[in-house]
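Just below is one structure, and these are the notes that go with it.
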Amino acid sequence: MHKKFDNAEIEKKWQAKWQESGIHDVGLRDNSKEKEYVLVEWPYPSGNLHIGHWYAFAVPDIYVRYKRMMGKQVLYPIGFDAFGLPAENAAIKRNLDPKAWTNDNIAYMKTQLASMGNAFSWDKTCNSTDPEYYKWTQMMFTKFFDNGIAYRGKGVVNWCPGCNTVIANEQVLVDGTCERSGDVIEKREMPQWMLRITKYADRLIDDLDALNWPEHIKEAQRQWIGRSKGALIDFKLNATGANENDENSTIDRTISVFTTRPDTLYGATYLVLAPEHALVVQNEANIANWSEVASYIALTKQKAEQDRLDNTKEKTGVRLGGITATNPASGEEIPVYISDYVLASYGTGAIMAVPAHDERDNAFAKKFGIEIRNVISPFDFETKQHINWMTNVGEDSQKVLAEIHAGTRIYEYKGKLTNSGEFNGLDSEEVKEAIVKKVGGRMTSTYRLRDWSVGRQRYWGVPIPIVYDPEGKAHTVPKKHLPWLLPEDVDFKPTGIAPLAKSEALKKRTEEIFGQGWTPEVETMDTFVDSSWYFLRYLDNHNPNSLSTLETQKDWMPIDIYFGGAEHTTMHLLYSRFWQKALLDLELVSESEPYKRRINRGLILGPDGNKMSKSKGNVIDPDDHVKTVGADVVKMYLAFMGPYEGSNYPFDLGGIAGVRRFLERVYGLNEHIVEVEPKEITTLLHKTIAKVGKDIETFKFNTAISAMMILVNKAEKTGLTETSYDAFIRVIAPFAPHLSEEIWSNLGHKESVHMTKFPEADYNLLTDETITIGVQVNGKLRGTVNASPTATEQEITNLALTNKDIIRYAIPQSIRKVIYVPGRILNLIIGK
RNA sequence: GCGUGGGUGGCGAAAUUGGUAGACGCGUUAGUCUUAGGAACUAAUAGGGUAACCUGUGGAGGUUCAAGUCCUCUCCCACGCACCA
């Protein structure tokens, strides 16, 4: 029976009562309860909540409420990651104060968040733009600086010549132009504040093993860090031009390359340098075709890294005229090229190219007519055996082998060395170190991961707490001067110099504190810094003396479960893990890993199947739906759409009415209360309790809801006892917190339903009296039989053979074999 | 291009992890009730076929008594790729 309910009224009433009684606050530590720290990624206050925020916060709230009803003390905080580009852009565009814009947004979003009715721990909240928050961000930065983790390095940025400033990747259009000025963006190397995350690369990979994360997330992190083991090998450079014998020649006579395949050294028939490689510019005088080289370098600066690495595109490059290198193994003189498929940021920015055994080198060598020399053979000449995969090649293996030996087919695997002097016939894996030793190289690892560039030439961020003495040496701002406040007398319109450089107040403050001639750092921090430690501040958000005490951390850390978006898999998650480890080394935290468990939620797409974005105009505003159908319905519908951890769902409001109907039925179920209910209802109730609990633990809220629907459908027909209804309301309470509270109170309870215990399933009540078993004949389903769960194979077979659907296919005499899977299926095999 | 995930009815999905494919919900169709319905209730609903049956989980092969699930190859889609957060 449907019974309409006034969602607006119910929500208002209970939200007020919850707030008044403070039942969602965590309060002080309760030693009688186990702790559970549930973290959701804090939002950027962009202006208003969209449906993605609901998905991100309201659905995990089911888990939070369930855990509380299971007797845990649960921390479920929320805050705002409020520094960032959008505030600054809004400020530039509409001439607003970024601080006011941000604070207005936060205030509005807080009221919207309250309308969700989540069990947020509002007593533990924070905001990255609050000086009481960012003073700790600055304190940690100064510690990092003192310990060599933060340093002044060099990084590549997007430079817009039109705006005369650095611009974000986001502001670069696909064609490589600036979204604001339309100018072609140039890659420019500039001095940058960096954090030495690469020093932690091995720990970041190795510590993944112990984490209870989905394997795919761990793997994505491993790939992102990209550890590869190989060798550094020096090649001698020769200038064959006029300057060769010049004492004053600036030529650097060796170049170091990184390779994962030192075993192929004899096959290195040329070298390739990244166009940005320092040696190229330094050797201008030795390079015969300098103008050609220079124009190629200029062209490279306009290319995105992704395009440079695109293997489907034709390789380009320029040979350095007048320069050669000596292969340290074979002693041969080989040509040197520059090409954009080699990146300055990876390895040493230079490679030895082995075109017979590397696809990219092969494509390049073919285009430039360079010798391709086979040095690894998949054929063992001694034993006359093909090695591993060769035996599986569908083609004529003799032909394939001949092609490999002739250098007309690439072979990228291990094998036996050939054309490699004294190493011929040896195993490619075993010979690596010997070759490296012969040429005076060394084994090492390199990483795809680069140090984290944290400085930004922007206004709306945490000021980097560094000042420079009159000699230009950097010093940290002492702790007593923190927070090192963001000045407000700033014009942040882009003019080519950092906004903070225009602040008189900052300049004056610096001189007053440190003395004449001292100048402030004018860069602010990347916002990923703020979100690298916020979960620590939640724990101790009012503490003026510590970012978070070790005692508090020991209570709550590591985070039991971290819900977030897949887009943060590599960057945010890696940065914050690094931050935690860096803090551990400084003895500021108690744990080496911040997140015990991580779940990436699916992505809610716009109705058109694209990612929601304001520019595409496909953003769904949840407020209207909350008004018409209610917060419980919106929340439950989102939970019902599909598994939480999973794929992407185009948001379609069509189904929301079904959830509303369901809740109306739940509300009307009190009209079906009976003195005695059928046993099957009791069984079903206990099955539902067990299933809902299990599904919440595994974030399959969708099937939990479907199980509750099945129970309600049944109970409406047969009736249920008040005890059962009472239990069911507690089961649904985490999903529909407002309505369940209303029903609970109507049932005469004084205490909040959310303060009660989640029901326990009685395992004695879980077994059905009869089960249905599918009967197959030769693997095809031909009928079903009903039997007791304890029936034997013989009894089931006998039943099947009296069933006329089945007997048509399988007469007893024809049965050759019987396969019985208890409680599931019976397969009768007939025939010869 | 590289990395990660995914492809099952008209739609969102489920499938006890190798065992009755499509639970649950939306939508649709027919009927009931109603002054009325964009309400509620009842029934049907993967496709083909009058039926018996046959076909069916992106595609092609394979393993198995049995494949959405395992193996090989392949096509397509989404997300991330370091200054958006």
Side-chain angles (χ1 to χ4, degrees), chain A residues 1-2 4 41-44 46 81 83-86 89 155-158 166-172 192 214 216-217 219-224 226 304-313 345 392 448-458 526-528 530-531 565-572 574-575 600 602-603 605 609-611 637 640-643 646-659 661-662 664 700 702-703 705-710 713 772-784 808 816-821 823-829:
Chain A
M1 179 75 156
H2 284 242
K4 304 241 181 249
E41 287 162 0
W42 60 351
Y44 178 80
S46 55
D81 187 14
F83 275 129
L85 202 55
N89 285 343
V156 178
V157 296
N158 302 305
V166 178
I167 66 162
N169 282 346
E170 194 189 44
Q171 298 170 302
V172 183
Q192 294 281 304
H216 69 91
I217 301 181
E219 189 54 26
Q221 291 218 346
R222 286 185 199 110
Q223 296 287 342
W224 180 264
E305 198 173 298
Q306 253 158 280
D307 294 328
R308 290 176 59 170
L309 295 174
D310 192 336
N311 274 347
T312 59
K313 296 203 172 136
S345 57
N392 300 327
R448 203 189 73 98
L449 181 72
R450 305 199 282 260
D451 273 343
W452 176 9
S453 159
V454 290
R456 299 287 182 269
Q457 295 210 328
R458 302 248 165 72
D526 178 12
T527 51
F528 272 120
D530 306 318
S531 54
E567 68 275 21
H568 292 299
T569 298
T570 45
M571 302 186 60
H572 162 61
L574 205 61
Y575 288 145
N600 281 359
L603 187 69
L605 305 172
N610 289 309
K611 196 179 175 181
Y637 177 60
F640 186 53
M641 282 199 319
S647 41
N648 308 323
Y649 310 104
F651 192 69
D652 167 21
L653 288 162
I656 207 163
V659 175
R661 263 172 232 161
F662 168 63
E664 286 175 358
K700 288 161 84 179
N702 54 331
T703 47
I705 294 169
S706 121
M708 292 189 280
M709 287 172 166
I710 292 168
N713 288 346
T772 307
I773 290 164
V775 181
Q776 297 183 335
V777 178
N778 281 356
K780 274 193 194 279
L781 186 76
R782 295 301 181 185
T784 58
R808 290 175 40 221
R816 187 166 56 86
K817 191 179 170 191
V818 175
I819 294 162
Y820 177 57
V821 183
R824 304 242 172 276
I825 206 152
L826 182 78
N827 193 2
L828 306 170
I829 312 303

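Lettering of chains follows the sequences in order, A, B, ..., and the numbering in each one begins at 1.
On the P atoms, rG58(B) is 23 Å away from rG3(B), given to the nearest whole Å. Distance check on atom P: rA85(B) versus rA60(B) gives 47 Å, rounded to whole Å. Distance check on atom C1': rG37(B) versus rG5(B) gives 45 Å, rounded to whole Å. Between rU57(B) and rG47(B), the distance separating the two C1' atoms is 13 Å to the nearest Å. Between the P atoms of rC26(B) and rU42(B), the separation comes to 12 Å (whole Å). Atom name P, nucleotides rG25(B) and rA46(B): the rounded distance is 15 Å, in whole Å. Of the P atoms belonging to rG22(B) and rA15(B), the separation is 13 Å, rounded to the nearest Å. Comparing the same atom, P, in rU17(B) and in rG49(B) gives a spacing of 38 Å after rounding to whole Å.
Counting non-hydrogen atoms under 4.0 angstrom, Q223(A) reaches the backbone sugars and phosphates but no base. When heavy atoms are screened at a 4.0 angstrom cut-off, T772(A) is found touching base atoms of the nucleic acid. Using a 4.0 Å heavy-atom criterion, one finds that G783(A) contacts no nucleic acid atom at all. F640(A) comes within 4.0 angstrom of a nucleotide base, judged by non-hydrogen atoms across all strands. Residue-level contact check: D81(A) touches the backbone only, with heavy atoms under 4.0 Å from sugar-phosphate atoms and none from bases. Within the 4.0 angstrom heavy-atom criterion, no nucleotide atom of any strand lies near Q221(A).
Remark: P of rG80(B) and CE of M571(A) are 11 Å apart, rounded to the nearest angstrom.
The residue among S453(A) and I217(A) whose nearest nucleotide of RNA chain B is located toward the 5' end is I217(A). Along RNA chain B, the nucleotide nearest to A566(A) and the one nearest to P43(A) differ in position, and the one closer to the 5' end is contacted by A566(A).
Close to rA14(B), at under 4.0 Å from its OP1 or OP2, lies a side-chain N or O of N702(A). In this structure, H572(A) does not reach the rG80(B) phosphate: none of its side-chain N or O atoms is under 4.0 Å from OP1 or OP2. For rA82(B), the OP1/OP2 oxygens have no side-chain nitrogen or oxygen of R450(A) closer than 4.0 Å. Listed pair N169(A) / rA82(B) meets the phosphate criterion, a side-chain N or O lying under 4.0 Å from OP1 or OP2. Between N713(A) and rG25(B) there is a side-chain polar atom (N or O) within less than 4.0 angstrom of OP1 or OP2. At the phosphate of rG27(B), OP1 or OP2 sits under 4.0 Å from a side-chain N or O atom of R661(A). Here T527(A) reaches the OP1 or OP2 of rA85(B): one of its side-chain N or O atoms lies under 4.0 Å away.
Between the side chains of N600(A) and T569(A), a donor-acceptor pair is found at a separation under 3.5 Å.
When distances are taken from the side chain of H216(A) to each of rU4(B), rA66(B), rG1(B), the shortest belongs to rU4(B). Comparing atom distances between the K780(A) side chain and each of rU55(B), rA82(B), rC84(B) picks out rU55(B) as nearest. In this structure, the nucleotide among rG19(B), rA15(B), rC83(B) sitting nearest to the side chain of T703(A) is rA15(B).
Not a single donor-acceptor pair, N or O on each side, falls under 3.5 Å between the base of rC83(B) and the side chain of E170(A). No N or O donor and acceptor, one from the side chain of E305(A) and one from the base of rC2(B), sit under 3.5 Å apart. In the interface, the side chain of R824(A) is paired with the base of rU16(B) through a donor and an acceptor atom under 3.5 Å apart.
Base pairing of rC79(B) is made with rG3(B), judged by Watson-Crick or G-U wobble geometry with both donor-acceptor distances under 3.5 Å.
An anti orientation is assigned to rU57(B), its glycosidic angle lying beyond 90° of 0. Taking the O4'-C1'-N9-C4 or O4'-C1'-N1-C2 dihedral as appropriate, rG9(B) has a value within 90° of 0 and is therefore syn.
Ion pairing between a basic and an acidic side chain is recognised when a charged N comes within 4.0 Å of a carboxylate O; R448(A) and E305(A) show no such pairing.
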